[in-house]
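A, B, ... follow the sequence lines: proteins, then strands. Residue 1 opens every chain. Keep in mind that the numbers below use all heavy atoms, side chains included, and drop hydrogens, waters and symmetry copies. These numbers were taken from a predicted model, which means no experiment stands behind them.
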Amino acid sequence: MEHLELFFKSIFIDNMVFATFLGMCSYLAVSKKVSTAVGLGAAVIFVLAVTVPVNWLLDQYILQPGALTWLGAEYADYDLSFLSFIMFIATIATMVQLVEIVVEKFSPSLYNSLGIFLPLIAVNCAILGGSLFMQSREIESIGLAFNYGISSGIGWFLAILAIAAIREKIRYSNVPAPLRGLGITFIITGLMAIGFMSFGGMLTGGDDEATKEPETAQVEQVEEKEQKLAENTTTINE
Amino acid sequence: MGLLSKKDAKLITDPLADNNPITIQVLGICSALAITAQLKASIVMSLSVLFVMGVGNVVISLIRNIIPSKIRIIVQLTVVAALVIIVDQVLKAYAYSLSKELSVFIGLIITNCIIMGRFEAFALGNGPWKSFLDGIGNALGYAVILVIVGFFRELLGSGTLLGFKVLGDPIEKTGLYAIGYENNGFMLLSPMALIVVGIIIWVQRSRNKDLIED
């Protein structure tokens with residue numbers, strides 16, 4: 001269930017574009033046509049799906065405080081987390097180079113239509129943001145990391161698909177001249193973000209962790225009471 | 001401005017309005033929207049970007065003739081990542097609560113399109129002094145937008161500026177609150193940042209008709 005919850009949470013509630021504004025530059029630049037938007041969105045999903053688990057492994061076994069214990073007990077105090085930025089960006093740049101080679105081999109038409117934007121995915125805030133959020137939210141297993149990568153990518157893909165479709169349609173609308181192009185896109189994105197906020201109550205109708213803690217506390221209290229009752233009855237019987 | 005020639009002064013003043021990195025060049029949008037709910041966060045982010053761009057532009061300009069073209073993106077990323085790690089550690093040391101609020105977005109300065117954009121467009125082809133001015137100019141243009149958005153969002157959203165209650169006390173109903181004014185909590189939510197920037201673009205392009213897109 002944890003996987004399903006993370007999946008839907010990352011697509012709708014923590015949507016990369018509407019909740020945290022990651023990847024806005026290429027989002028604004030590529031969304032003029034639906035076909036290029038679809039291509040870029042797919043590339044972003046693929047890169048996120050690959051880089052988030054790899055960075056999770058790096059974080060788990062090299063970067064976290066105490067992560068180096070597999071080398072030997074004397075390394076337990078090392079905290080290399082200050083190197084996170086540079087290591088994450090290095091893996092991302094490498095993976096993007098790989099994706100570029102694969103896309104060029106298997107789909108030259110997609111490679112040509114994406115043009116400069118494929119290598120620019122390496123500096124897309126969404127990719128680095130995915131890895132950094134994975135680290136700051138302390139995602140627990142590689143399966144969840146993979147899940148998080150794919151679902152964040154799908155969320156980004158949905159956002160760019162929606163705005164591209166809308167931008168194609170408003171080309172025939174009467175937008176005031178100073179707002180044409182960039183300005184109206186900002187305002188439309190703002191309105192879509194407000195719309196996406198409505199997904200906030202989707203999973204639990206409220207704060208998940210806040211409801212779980214009182215329940216476990218109550219269960220523990222009831223167990224303690226039962227133990228005390230059992231002890232009291234034994235003493236009475238004696 | 002005695003020590004800057006007219007052309008050099010233009011490197012700083014252009015990005016403040018007519019060639020603004022956020023509203024005209026469409027770079028650096030991500031962080032401009034996400035952290036501007038408080039004026040303090042906007043100012044700290046602007047100072048961080050100012051440092052990274054100033055030093056980064058100079059470094060890249062100094063080594064521009066030695067970088068092989070094939071790996072220049074990786075070299076640029078390395079330089080920026082190193083500078084951002086410095087900024088991050090300094091913030092963690094001297095302003096820990098603020099660094100927790102800004103959390104991921106300090107790291108995202110690395111992928112801030114303005115920095116890489118100006119490296120490619122300017123620092124790789126010009127001398128260190130000019131690159132330094134260009135970096136400062138663009139960082140100031142970025143700061144202007146961030147401060148404006150942060151100012152309006154904090155003022156209208158929580159009635160404070162930099163933490164000081166400027167409109168009166170909402171609980172004791174002094175100042176503006178005495179006549180029934182209420183804070184617009186919506187302004188603190190992220191979508192409003194997009195709409196405020198949209199309005200800034202609207203105002204800017206109405207005043208300067210050359211910037212209107214077709």
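In this structure, A:Phe88 CZ and B:Thr111 OG1 are separated by 13.0 Å, a value rounded to the nearest 0.5 Å. Distance CZ/A:Phe85 to CD1/B:Ile109: 8.5 Å, rounded to 0.5 Å.
Looking at every heavy atom in both residues, B:Trp202 comes nearest to A:Pro178 through CD1-CB, 3.4 Å. A:Arg180 approaches B:Arg205 most closely through the heavy-atom pair O-NH1, 3.7 Å. Here the closest non-hydrogen pair linking A:Thr20 and B:Phe105 is O-CZ, 3.6 Å. When all heavy atoms of B:Pro191 and A:Ile194 are compared, the pair lying nearest together is CB-CG1, 3.4 Å.
Contacts with chain B were tallied for A:Leu22, A:Ile187, A:Leu83, A:Ile86; A:Ile86 has the most, counting heavy-atom pairs under 4.5 Å. Chain A forms the most heavy-atom pairs under 4.5 Å with one residue out of B:Leu194, B:Thr78, B:Leu189, and that residue is B:Leu194. Looking only at heavy-atom pairs under 4.5 Å with chain A, the residue among B:Asn112, B:Leu77, B:Val84 that has the most is B:Leu77. Among B:Gly198, B:Gly107, B:Ala193, the residue making the largest number of heavy-atom pairs under 4.5 Å with chain A is B:Gly107. The candidate with the highest count of non-hydrogen atom pairs below 4.5 Å against chain B, out of A:Ala90, A:Cys125, A:Ala193, A:Ser84, is A:Cys125.
Heavy atoms closer than 4.5 Å to chain B are found in the backbone of A:Phe18, but not in its side chain. For A:Leu128, the parts lying under 4.5 angstrom from a heavy atom of chain B are both the backbone and the side chain. Heavy-atom distances place the backbone of A:Ala19, and not its side chain, under 4.5 Å from chain B. Of the two parts of B:Ile29, the backbone and the side chain both hold a non-hydrogen atom closer than 4.5 Å to a non-hydrogen atom of chain A. Interface remark: A:Met197 contributes side-chain atoms only to the contact with chain B (heavy atom separation under 4.5 Å).
Other residues, nucleotides and ligands contribute at most 12 non-hydrogen atoms within 6.0 Å of the CZ atom of B:Phe152. Enclosure of atom CD in B:Glu120 by more than 12 non-hydrogen atoms of other residues, nucleotides or ligands within 6.0 angstrom is indicated.
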For B:Ile195 and A:Phe186, what are the C-alpha separation, side-chain angles and deciding distance, and is it a side-chain contact (heavy atoms from CB on, under 4.5 Å)? CA-CA 6 Å; B:Ile195 297 188; A:Phe186 266 98; over 6 Å; no
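The contact list for residues 132-164 of chain A toward chain B, using heavy atoms and a distance under 4.5 Å, reads A:Leu132, A:Phe133, A:Ser136 by residue number.
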